[in-house]
Undergrad: 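Quick one: structure below, then a few questions.
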Amino acid sequence: MTMKVLSIASEMAPLIKTGGLADVVGALPAALAPHGVELTTFLPGYPAVLKAIGKAKAVHTWDDLLGAPARLLAGKSGGHPLLVLDAPRYFARPGGPYGDAAGHDWLDNWHRFAAFGRAGADVAAGAVAGQAFTLVHAHDWQAAMALAYLRFASGGGASPSVMTIHNMAFQGHYGADVFPALALPAEAFALDGVEYHGGVGFLKAGLEAASAITTVSPTYAREIRSPAFGMGLDGLIRSRGGRVSGIVNGIDPAHWNPATDAALAARYSVRTPGQRRANKRAIEAEFGLERDEGPLFVVISRLTWQKGIDVLLEVLDHLAGIGGRLAVLGAGDAMLEGGLHAAAARHPGRIGVRTGYDEALSHRMLGGGDAILVPSRFEPCGLTQLYGLAYGCVPVVSRTGGLADTVIDANFAALAAGVATGLQFDGVSYPALAEALTRTVALYGQQDAWRSVQRAGMKSDFSWGRSGKAYADLYTSLTGTT
Ligand code: ADP
């Protein structure tokens, strides 16, 4: 029997994406289908989403969804069912899902995502004819209020629910003054409800309401129990004890496969990794880098403190000094962007920088780079190191969160056993990163060992098989179906 689950999220690839959340939400329906789960994804009706679903059928309307009219549209993405909240007052805006084109967050994000949560709860509770769900799965703070509305205001408090944390750093924390406009009963403003440090916490409210909590790697699930990673919610996470687990993200082999990737100058497989050379030459040309026989590092990242880009800036002179070259693709913090451009100006031909978001270029860089650097201070799962593994672009990562769980360090024993897939370092600091770069350049100099690390990574399986089953097993355990 098919289990019907409502997956509520603010992003879904390929329709709308700012980061890994979208990739995961986009991949889950296909990952769960083989396990007898039909996932219907509920998304905000941003212009890009409405355009993608075309002429969709309205299956429900709200005259007054927290102060504005809205319609529910039914469509499909990649053959999987989609429900879209068409509410122009909240979502018909230029720019990104959370802010304007200049990157400033919309001031009414609390209102937009409360309305989204309110509608999600209605849908989950069966308000829409022909749409019945056994379980609701909310992703990140933007979807979390759905679980709070289900608990306090939809009479659906008993339906099982999962709250997934893709990044604890984003919590949706607002002042107490927004509470009246949420139209929740007064008792919801309580320590075990939506109240958080005197204000309203969206993610916190979802975590309190959820039957089970997941995050996107076992190590991050452990880390968020500590104050350093829990960012104020570590006490709550500890109190939910055995209800918190980690399921590593997979990657979609249809999009991330070097043997079939149309973005690459030359396609290759684990048997023909030598063909990567053509892709490396293409990246050197594209970033204006000198050709030489040393390793070409790449970085594909949001340019933020979380991602350790400030420490990366500190080691760039060292990287160029030991014979490395670097191509960076990223967008984010203007100071960090400026620092990268300054480093490129200091090291012409050794460091190249492209700011902005470019999906096809990210594929080409993974196909041509020798090593991908991921010096994150914390990383719930991380996807770029998984793409690196699949493409033979050896990941060099800090030992945290999902990076710790998915990369096997090239230490003596792992190299001897032929199982090493990358390099790890402890702590995001100048000495740790500089030493990791030195180790990488030395390993690259031993081409047989390097190729063995590349091949082991390309053979490792990070498709959704295991993780799709882990989600399905969790749903089953919560619904009592066998
Ligand atoms: P996060 O979600 O914290 O940003 P992840 O590693 O989980 O980090 O996911 C980031 C996703 O966004 C990956 O698919 C990565 O390839 C992509 N990405 C990040 N920056 C860029 C960029 N500037 N251009 C293209 N893709 C990018």
Side-chain angles (χ1 to χ4, degrees), residues 9-28 96-98 103 139-142 164-170 215-217 219-220 229 231 246-258 261 263 283 286-287 298-309 312 327-334 336-337 340-341 352-369 372-391 393 395-398 400-407 422 462 464 467:
S10 59
E11 301 183 22
M12 181 189 200
L15 305 179
I16 180 91
K17 167 170 168 176
T18 71
L21 167 68
D23 290 321
V24 176
V25 171
L28 280 178
Y98 318 119
H139 299 270
D140 276 353
W141 73 266
Q142 298 91 341
T164 295
I165 306 164
H166 295 263
N167 193 335
M168 195 62 129
F170 304 106
T215 185
V216 286
S217 68
T219 294
Y220 194 61
F229 292 89
M231 307 201 162
I247 300 175
V248 170
N249 291 333
I251 60 176
D252 183 348
H255 281 106
W256 293 100
N257 179 350
D261 192 332
I283 291 299
E286 206 161 345
F287 281 82
V298 299
V299 168
I300 302 160
S301 183
R302 288 189 288 119
L303 303 178
T304 64
W305 181 87
Q306 176 198 336
K307 301 289 181 181
I309 305 300
L312 176 74
V328 182
L329 168 64
D333 192 316
L336 298 174
E337 281 186 15
L340 286 167
H341 284 300
V353 177
R354 191 69 68 77
T355 48
Y357 193 93
D358 189 333
E359 185 82 26
L361 178 57
S362 75
H363 284 241
R364 293 199 294 280
M365 291 169 76
L366 286 155
I372 180 160
L373 277 174
V374 194
S376 303
R377 286 192 166 85
F378 61 94
E379 193 59 78
C381 179
L383 290 172
T384 57
Q385 87 281 10
L386 300 182
Y387 303 148
L389 290 169
Y391 279 60
C393 183
V396 179
V397 305
S398 50
T400 188
L403 301 173
D405 291 335
T406 56
V407 175
F462 285 102
W464 271 98
S467 300

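Any value given below was found using the heavy atoms of this structure, including those in side chains, with hydrogens, waters and symmetry copies removed. As the structure lists them, so they are numbered: ligands from 1, and atoms in each ligand from 1.
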Undergrad: For the residue pair Gly332 and Glu337, what are the closest heavy atoms and their distance?
TA: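 Between these two residues, the closest heavy atoms are N-OE2, 3.2 Å.
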Undergrad: If hydrogens are left out, which of Glu11, His166, Lys307 has an atom nearest to atom 8 (O) of ligand 1, that is, the closest non-hydrogen atom?
TA: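 Nearest heavy atom to atom 8 (O) of ligand 1 lies in Lys307.
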Undergrad: Polar-atom distance check: Ser362 versus ligand 1, any N or O pair below 3.5 Å?
TA: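 Between Ser362 and ligand 1 (N or O atoms, distance only) the closest approach is not under 3.5 Å.
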Undergrad: Using a strict cut-off of 4.0 Å, indicate which atoms of ligand 1 neighbour a heavy atom of Ser301.
TA: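 Selected atoms, number and element: 20 (N).
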Undergrad: Among protein heavy atoms, which sits nearest to atom 2 (O) of ligand 1, and what does the distance come to when rounded to 0.1 Å?
TA: Gly20 N, 2.7 Å
Undergrad: Quick one: does Tyr391's side chain get under 4.5 Å of Ile372's, heavy atoms only?
TA: no
Undergrad: Taking the side chain as every heavy atom from C-beta outward, state whether Asn167 and Tyr220 have any atom pair closer than 4.5 Å.
TA: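 Yes, close enough: below the 4.5 Å cut-off.
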Undergrad: Is the Phe170-Trp141 ring centre distance short of 6.0 angstrom?
TA: no
Undergrad: Using a strict 4.0 Å cut-off to heavy atoms of Asp358, name the atoms of ligand 1 that fall inside it.
TA: 24 (N), 25 (C)
Undergrad: Ser398 and Glu379: side-chain donor and acceptor closer than 3.5 Å?
TA: no
Undergrad: Which heavy atom in Asn249 sits nearest to a heavy atom in Leu386, and how many Å separate them?
TA: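 Minimum heavy-atom separation between Asn249 and Leu386: O-CD1, 3.6 Å.
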Undergrad: Should Arg354 be listed as contacting ligand 1, given a heavy-atom distance under 4.0 Å as the test?
TA: no
Undergrad: Which bit of Leu361 gets closer than 4.0 Å to ligand 1, counting heavy atoms only: side chain, backbone, both or neither?
TA: neither
Undergrad: Give me the residue, atom name and distance of the protein heavy atom closest to atom 27 (C) of ligand 1.
TA: Tyr357 CE1, 3.3 Å
Undergrad: For Val299, run the side chain to side chain contact (heavy atoms under 4.5 Å, CB included) check against Leu312, Val353, Leu340 and tell me which one passes.
TA: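 That would be Leu312; it is the only one of Leu312, Val353, Leu340 passing the side chain to side chain contact (heavy atoms under 4.5 Å, CB included) with Val299.
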Undergrad: Side chain or backbone, does Asp23 bring an N or O within less than 3.5 Å of an N or O on ligand 1?
TA: yes
Undergrad: How close does the nearest protein non-hydrogen atom get to atom 6 (O) of ligand 1, and which residue and atom is it?
TA: Leu383 N, 2.9 Å
Undergrad: Any N or O on Gln306 sitting closer than 3.5 Å to an N or O of ligand 1?
TA: no
Undergrad: Just heavy atoms, cut-off under 4.0 Å: does Gln385 contact ligand 1 by side chain, backbone, both, or neither?
TA: neither
Undergrad: Any atoms of ligand 1 less than 4.0 Å from a non-hydrogen atom of Gly19? List them with their elements.
TA: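 Answer, ordered by atom number: 2 (O).
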Undergrad: Using a 4.0 Å cutoff against the non-hydrogen atoms of Tyr387, which atoms of ligand 1 qualify?
TA: 13 (C), 14 (O), 16 (O)
Undergrad: Taking all non-hydrogen atoms of both residues, which atom of Pro97 and which atom of Ile16 are closest, and how far apart?
TA: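 In this case the closest contact between Pro97 and Ile16 is CG-CG1, 3.9 Å.
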Undergrad: Please report which non-hydrogen protein atom sits nearest to atom 4 (O) of ligand 1, along with the residue it belongs to and the distance in Å to one decimal place.
TA: Arg302 NE, 2.8 Å
Undergrad: A side-chain contact here means heavy atoms from C-beta on lying under 4.5 Å apart; do Leu383 and Trp256 qualify?
TA: no
Undergrad: Below 4.0 angstrom from a heavy atom of Gly356, which ligand 1 atoms are there? Numbered from 1 as shown, please.
TA: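 Ligand 1 atoms under the 4.0 Å threshold to Gly356: 22 (C), 23 (N).
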Undergrad: Tell me, which protein residue and heavy-atom name are nearest atom 15 (C) of ligand 1, and how many Å apart are they?
TA: Thr384 CG2, 3.6 Å
Undergrad: Check whether Asp140 reaches the backbone of His166 with its side chain - one donor and one acceptor, N or O, closer than 3.5 Å.
TA: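 Confirmed, Asp140 side chain pairs with His166 backbone.
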